[in-house]
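Just so it is clear, the model here is predicted, and its values are computed rather than measured. The first residue of the sequence shown is numbered 1, and numbering continues consecutively from there.
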Amino acid sequence: MRLVVQRVSRASVSVSGERIAAIGSGALVLTGIAQHDDAPTVDRMADKLAGLRYFEDADGRTNRSILDAGGRLLVVSQFTLLADVGRGRRPGFSDAAPPEAAIPLLGRFVERLRAHGIEVETGRFGATMAVDLVNDGPFTLVLDSERDL
């Protein structure tokens, strides 16, 4: 599982010109589910994200989690995070989980975050989405279950 977490002052997702989700202060979480991911991996990644301290405290240090900061998350599925670009010029996506595996795992990820008390909005799985954001900082983190758990 791979996450790209961008701290934002605002973010939204539109499909076919219709805004389907929006948040103010918080984070946009681009989420890639891999072939080998399972429920325990998804749970651990959600727990890690919930407790991760990437929001500034009164002294300007990144000592606050999303809960401490009172922010919201916008979770957007993005299988292209799992692209293999090691050979040739065209990315391969065989490491990404197929929809029948990814959809329930993504749902579990979102529900686990909500269980922590975080307000979570989502994109639409499989749709072509227009993502609009204002990156706060900019501050962007990449979390990978194979490296960070």
Side-chain angles (χ1 to χ4, degrees), residues 1-8 10-16 18-55 62-133 135-149:
M1 184 173 192
R2 191 166 294 147
L3 307 176
V4 174
V5 181
Q6 297 179 297
R7 193 176 68 193
V8 299
R10 70 174 187 272
S12 64
V13 174
S14 299
V15 175
S16 300
E18 175 190 350
R19 184 186 293 190
I20 62 166
I23 63 168
S25 181
L28 170 66
V29 183
L30 303 174
T31 307
I33 306 289
Q35 286 270 359
H36 60 275
D37 288 334
D38 56 15
T41 300
V42 167
D43 290 349
R44 288 194 320 269
M45 288 293 277
D47 295 346
K48 184 167 190 84
L49 180 60
L52 198 62
R53 299 182 310 174
Y54 56 103
F55 290 89
T62 52
N63 279 326
R64 298 171 65 214
S65 71
I66 188 81
L67 285 166
D68 298 331
R72 297 170 66 195
L73 297 177
L74 175 54
V75 174
V76 175
S77 177
Q78 187 172 350
F79 75 94
T80 61
L81 293 178
L82 298 158
D84 178 0
V85 295
R87 295 174 28 180
R89 296 180 187 211
R90 184 173 186 200
F93 300 105
S94 60
D95 287 343
E100 59 272 11
I103 291 170
L105 288 173
L106 183 66
R108 183 182 183 101
F109 178 68
V110 168
E111 289 308 312
R112 184 79 172 210
L113 291 168
R114 288 179 176 151
H116 281 281
I118 302 167
E119 291 185 49
V120 182
E121 297 285 329
T122 64
R124 185 173 298 152
F125 190 94
T128 299
M129 295 175 273
V131 179
D132 184 41
L133 71 133
N135 197 317
D136 179 19
F139 199 102
T140 302
L141 301 169
V142 177
L143 283 73
D144 190 300
S145 60
E146 291 191 15
R147 180 190 70 202
D148 299 323
L149 290 180

Tell me, do [X] and [Y] make a side-chain contact under 4.5 Å, heavy atoms counted?
{"X": "Met1", "Y": "Leu143", "result": "no"}
{"X": "Arg44", "Y": "Pro40", "result": "yes"}
{"X": "Val8", "Y": "Leu74", "result": "no"}
{"X": "Phe55", "Y": "Leu67", "result": "no"}
{"X": "Thr62", "Y": "Arg7", "result": "yes"}
{"X": "Pro98", "Y": "Gln35", "result": "yes"}
{"X": "Phe93", "Y": "Thr80", "result": "yes"}

side-chain hydrogen bond (donor to acceptor under 3.5 Å, both in side chains) between Glu18 and Ser16, worked out: CA-CA 6 Å; Glu18 175 190 350; Ser16 300; over 6 Å; no

Test Leu105 against Thr41 for side chain to side chain contact (heavy atoms under 4.5 Å, CB included), laying out the working first. CA-CA 9 Å; Leu105 288 173; Thr41 300; over 6 Å; no

Please check if the number of heavy atoms outside Arg64 that lie under 6.0 Å from its CZ is greater than 12.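 Enclosed.
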
Give a yes or no on whether Arg147 atom CZ has more than 12 heavy-atom contacts from other residues, nucleotides or ligands under 6.0 Å away.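 Above 12, so yes.
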
Nearest heavy-atom neighbours spanning [X] and [Y]:
{"X": "Pro91", "Y": "Val85", "value": "CB-CG1, 4.0 Å"}
{"X": "Ala97", "Y": "Ala34", "value": "CB-O, 3.5 Å"}
{"X": "Ala101", "Y": "Pro104", "value": "O-CD, 3.4 Å"}
{"X": "Val131", "Y": "Val13", "value": "CG2-CG2, 4.2 Å"}

To the nearest 0.5 Å, how far apart are [atom1] in [X] and [atom2] in [Y]?
{"X": "Phe125", "Y": "Thr31", "atom1": "CZ", "atom2": "OG1", "result": "11.0 Å"}
{"X": "Leu30", "Y": "Leu81", "atom1": "CG", "atom2": "CG", "result": "6.0 Å"}
{"X": "Tyr54", "Y": "Gln6", "atom1": "OH", "atom2": "CD", "result": "11.0 Å"}
{"X": "Ile20", "Y": "Met129", "atom1": "CD1", "atom2": "CE", "result": "6.5 Å"}
{"X": "Leu113", "Y": "Ile66", "atom1": "CG", "atom2": "CD1", "result": "9.5 Å"}
{"X": "Glu121", "Y": "Ile23", "atom1": "CD", "atom2": "CD1", "result": "8.0 Å"}

Evaluate Leu3 against Phe109 for side chain to side chain contact (heavy atoms under 4.5 Å, CB included), listing each step before the verdict. CA-CA 11 Å; Leu3 307 176; Phe109 178 68; 4.0 Å; yes

Check Arg114 with Glu111, please: is the shortest side-chain N to carboxylate O separation under 4.0 Å?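 Looking at Glu111 and Arg114, the cut-off is met.
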
Have Asn135 and Thr140 got a donor and an acceptor in their side chains that come within less than 3.5 Å?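 Yes.
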
